[in-house]
K.L.:
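Just dropping this structure here.
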Amino acid sequence: MSKQAIGIFDSGIGGLTVAKAIKKELPQEQILYFGDTAHLPYGDKSADAIRYYSIRISKFLLEHDCKMIVIACHSASSVAYQILKDFFDDRVQFVNVVDPLVHAVASLKPNKVGIIATRATIKSNIYAREIQRANPSIKCNSLATPLLVPMIEEGFSAGKISDDIIDHYLGQESLKGIEALLLACTHYPLIREKIVTYYSHQVEVLDSTKIIAQEVQSQLAKTNLLSDKQEIPDQFFVSNYTKSFADTTSLFYGHQVSLKQENLW
Ligand code: DGL
């Protein structure tokens, strides 16, 4: 059987923001999405736990003949990308969400960049390290912003509660004077406009959804794996199904999708 789908995984349904961008860029491709809702949030897990989950999910995606695996989660991309590449050798190509953001900020060349993300991503220090490697003159300040994920998932992306939480985080001393801000989490594109407004359009606010979709397109083209026609419908799996996950898919994907439970553990 020829390899068909683009495999995409995340700790939950937030990675649907990445899946949505890929589908928009490549509407003729089949998507096979896996959200590890049994183990979310990854942002508060140890690096070892995230690596273990990521390997198991990637095996599942490979068993379903995925031609590429997109790690649509910043926490997993930060701590598990290298181990996935080593573990699966050249059996499949992995695309992570960190590299495109690092390239984008390196070409923007701000004097000072802020990075907001989950605790796991910030603890890995991967963004600051890779940006510094690409351009040592860019000063990087990172801040864990753990309240933003539950705030967005619970539907508080607008209104006073979200204003207060966003003001609290973005007002921190470490983010003073930044010229660019990296939204290094699957959920944050949903509050991008609010953040742009917070900075009165004076700070470049970058998220990786569109650039990751372009990266997927270019990698598939390079390896001659682009589809010209979608043969099989997209599929969306979760490791633990609840109605509230199903309802929240529309927040991240634009419309509700049908989730199937696949307990890998
Ligand atoms: N998907 C995660 C990320 O991008 C956020 C949610 C979680 O902590 O699991 O880091």
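Note that ligands are numbered from 1 as they come in the structure, with each ligand's atoms numbered from 1 the same way.
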K.L.:
Heavy-atom contacts with His187 under 4.0 Å: which atoms of ligand 1 show up? List them by number with element.
P.N.:
6 (C)

K.L.:
Which residue and atom name correspond to the protein heavy atom nearest atom 1 (N) of ligand 1, and how close is it?
P.N.:
Asp10 OD1, 2.8 Å

K.L.:
Ile115 and side chain to side chain contact (heavy atoms under 4.5 Å, CB included): which partner among Ile131, Leu175, Ile178?
P.N.:
Ile131

K.L.:
By number and element, which atoms of ligand 1 are closer than 4.0 Å to a non-hydrogen atom of Cys185?
P.N.:
3 (C), 4 (O), 5 (C)

K.L.:
Can you name the residues that form a ring pair (Phe, Tyr, Trp, His ring centres under 6.0 Å) with Phe87, not counting sequence neighbours?
P.N.:
none

K.L.:
If you look only at distance, which donor and acceptor atoms sit under 3.5 Å apart when one is on a side chain in residues 180-191 and the other is two or more places apart or in another chain?
P.N.:
| from | atom 1 | to | atom 2 | distance (Å) |
| --- | --- | --- | --- | --- |
| His187 | NE2 | Glu153 | OE2 | 2.8 |
| Tyr188 | OH | Thr145 | O | 3.3 |
| Tyr188 | OH | Thr145 | OG1 | 2.7 |

K.L.:
Taking both backbone and side-chain atoms of Tyr42, is any N or O found less than 3.5 Å from an N or O belonging to ligand 1?
P.N.:
yes

K.L.:
Would you please classify the geometry between the Tyr53 ring and the His39 ring as parallel, tilted or perpendicular, with 30° and 60° separating the classes?
P.N.:
parallel

K.L.:
For atom 10 (O) of ligand 1, which protein heavy atom lies nearest, and how many Å away is it?
P.N.:
Ser75 OG, 2.6 Å

K.L.:
What I want to know is whether Gly43 and ligand 1 share at least one N or O pair that is separated by under 3.5 angstrom.
P.N.:
yes

K.L.:
What do we get for Ser11 next to ligand 1 when only non-hydrogen atoms under 4.0 Å count, side chain, backbone, both or neither?
P.N.:
side chain

K.L.:
Are Phe60 and Phe9 close enough that their ring centres sit under 6.0 Å apart?
P.N.:
no

K.L.:
If you measure from the Lys or Arg side-chain nitrogens to the Asp or Glu carboxylate oxygens, is any gap between Asp48 and Arg51 under 4.0 Å?
P.N.:
yes

K.L.:
Is ligand 1 less than 4.0 angstrom away from at least one heavy atom of Gly14?
P.N.:
no

K.L.:
Under 4.0 Å, heavy-atom basis, I'd like to know which part of Thr118 is in contact with ligand 1: side chain, backbone, both or neither.
P.N.:
side chain

K.L.:
Do Thr37 and Asn240 get their side chains close enough for a donor-acceptor pair, meaning under 3.5 Å?
P.N.:
no

K.L.:
May I ask you to check whether His74 has an N/O atom sitting below 3.5 Å from an N/O atom of ligand 1?
P.N.:
yes

